[in-house]
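To start, the structure under review is shown below, and the notes come after it.
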Amino acid sequence: MNKLDTKRRAAVVRSLIEGNSIRSTCRITGTAKGTVLRLLEDVGVACREYQDAMLRNLPCRELQVDEAWSFVGAKEKNATVEQKSEGLGDAWIWTAIDAQTKLIPCWHVGSRNADAAFTFVEDLAARLANRVQLTSDGHTAYLKAVEDAFGWNGVDYAQLVKVYGQTPEGQRRYSPPEIINIQKQWVMGTPDPDKVSTSFVESHNLTLRMRNRRMTRLTNAFSKKLENHMHALSLYFM
C-alpha cells in the first residue's frame, strides 16, 4: 500500500491543527478522506500515549476544572437506543488547566455524571507532585470525586457557583443567560479566596471550540465516530 511522504503528512496534520474539518483538509492537501482519517488515528494515538506518559509529577499549584459539551453522531435527546449503545450522543469534555502556565494536565471524554467525574479527578490527582488549590463550578459530582481522589483535606478546594437569571424569550438559543450572582463556596482545605476562579478554564472552552471544527455549534461538522472525536482532541491538546 502506498504511504504519504513526510511533507504531505505534515501538511495534513497542520491543516487539522488549524481546526479544519476532515473534508476541507482533503481539499486543501489533495488527500483522500480515508487516508486523512487513518493519519488522524495514528497521530491521535501517538499524542494520547505521549501525554499520558509525560504529564506526570507536575509541580502545579493552582488548578481550575470544567466541562465542555459536545456530541457524537447525534445529540443525546435525538439519539436512538442503538446509537446510545454504540457510545453516540452527548460527549462532555472534562478539562483541567494550570492557572499559571495554562498547561492542560489531563482531559476526559464521557458523560456528565459521577462516574466520569471520578475518572477525571482521579487521573488528575495521580499526575500532581504536590498539594494544589482547586476550583470547579457548582457541579455536585465534583464533591465526592475530589474527596475520593485526593482524600479529605488533601487539596485546597472551593467551588465558584454562578446564579443565572432568566434569558429573554427569543434569545435562549443564542445568548447565554445573565449572571445575577457569584458565590465562592468553601469545600475543604484552606483555599485562597482571591484565587477561587474558573476564568481560565472557561476561556479555554472557547479556544477548544474555535480550534476544532467538529466543536462548532449549530452546524453539521460534528464527529460521527467517538474514536475520531478522541483522536482529534488528542491532537488538539498535544
Side-chain angles (χ1 to χ4, degrees), residues 1-4 8-29 31-55 65-96 104-124 126-127 204-205 207-238:
M1 181 177 66
N2 294 329
K3 287 190 175 182
L4 294 180
R8 178 78 72 82
R9 289 164 67 91
V12 170
V13 173
R14 278 198 303 270
S15 180
L16 294 173
I17 288 173
E18 286 301 318
N20 289 293
S21 66
I22 295 297
R23 292 188 183 276
S24 63
T25 296
C26 295
R27 294 192 295 270
I28 291 169
T29 63
T31 308
K33 179 182 176 182
T35 304
V36 172
L37 288 173
R38 284 194 296 272
L39 181 57
L40 174 63
E41 179 181 358
D42 292 343
V43 174
V45 170
C47 288
R48 186 67 185 270
E49 291 178 349
Y50 179 86
Q51 293 169 78
D52 184 55
M54 299 303 294
L55 296 180
V65 295
D66 198 17
E67 325 83 52
W69 174 79
S70 69
F71 69 95
V72 178
K75 296 178 182 178
E76 193 76 19
K77 64 180 181 180
N78 299 327
T80 64
V81 174
E82 182 180 359
Q83 286 176 316
K84 291 180 180 179
S85 68
E86 296 173 355
L88 305 182
D90 289 355
W92 289 83
I93 305 169
W94 301 68
T95 57
I104 306 292
C106 68
W107 54 278
H108 173 70
V109 177
S111 301
R112 194 172 182 260
N113 57 21
D115 289 340
F118 176 75
T119 300
F120 168 65
V121 177
E122 184 180 43
D123 185 28
L124 175 62
R127 298 178 184 278
H204 170 260
N205 288 343
T207 305
L208 177 64
R209 293 197 182 280
M210 297 294 289
R211 296 291 297 274
N212 288 274
R213 183 72 180 97
R214 62 188 69 221
M215 292 286 290
T216 306
R217 296 179 183 272
L218 302 177
T219 73
N220 61 355
F222 56 88
S223 297
K224 310 308 186 290
K225 293 183 179 180
L226 180 60
E227 293 82 2
N228 291 341
H229 195 62
M230 298 279 287
H231 295 324
L233 288 170
S234 295
L235 180 59
Y236 163 77
F237 284 112
M238 185 71 175

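Computed from a prediction, not measured in an experiment: that's the story for all the values here.
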Does the side chain of H231 come within less than 4.5 Å of V45's, by heavy atoms?
yes
Would one find more than 12 heavy atoms of other residues, nucleotides or ligands at under 6.0 Å from atom NZ of K33?
no
Cation-pi check for W69 against R209: NZ or CZ below 6.0 Å from the six-membered ring centre and within 45 degrees of the axis, yes or no?
no
Can you find a pair of side-chain heavy atoms, one from H229 and one from I93, that are under 4.5 Å apart?
yes
Mind running side chain to side chain donor-acceptor pair (under 3.5 Å) on S15 and N20 for me, showing each step along the way?
CA-CA 6 Å; S15 180; N20 289 293; 3.2 Å; yes
Residue M210 excluded, over 12 heavy atoms near CE under 6.0 Å
no
For K225, I'd like to know if atom NZ has over 12 heavy atoms of other residues, nucleotides or ligands within 6.0 Å.
no
Side chain to side chain contact (heavy atoms under 4.5 Å, CB included), paired with C106, selected from Q51, R127, E122:
R127
Would you call L39 and V13 a side-chain contact if the rule is heavy atoms closer than 4.5 Å?
yes
Any side-chain heavy atom of V36 sitting closer than 4.5 Å to one from R23?
no
With distance as the sole criterion, is a donor-acceptor pair present between the side chains of R213 and T216 under 3.5 Å?
yes
Could you check whether any side-chain heavy atom of P105 comes within less than 4.5 Å of a side-chain heavy atom of L55, counting everything from C-beta outward?
no
Looking at side-chain heavy atoms only, is the closest gap between I22 and L16 below 4.5 Å?
yes
Any heavy-atom pair between the side chains of R214 and K224 that's under 4.5 Å?
no
So Y236 and C47, do their side chains get closer than 4.5 Å, heavy atoms only?
no
All N/O donor-acceptor pairs, side-chain side in residues 111-120, below 3.5 Å, sequence neighbours left out:
| residue | atom | partner | partner atom | Å |
| --- | --- | --- | --- | --- |
| R112 | NE | E67 | OE1 | 2.8 |
| R112 | NH2 | E67 | OE1 | 3.0 |
| N113 | OD1 | D115 | N | 3.3 |
| N113 | OD1 | A116 | N | 2.9 |
| T119 | OG1 | D115 | O | 3.0 |

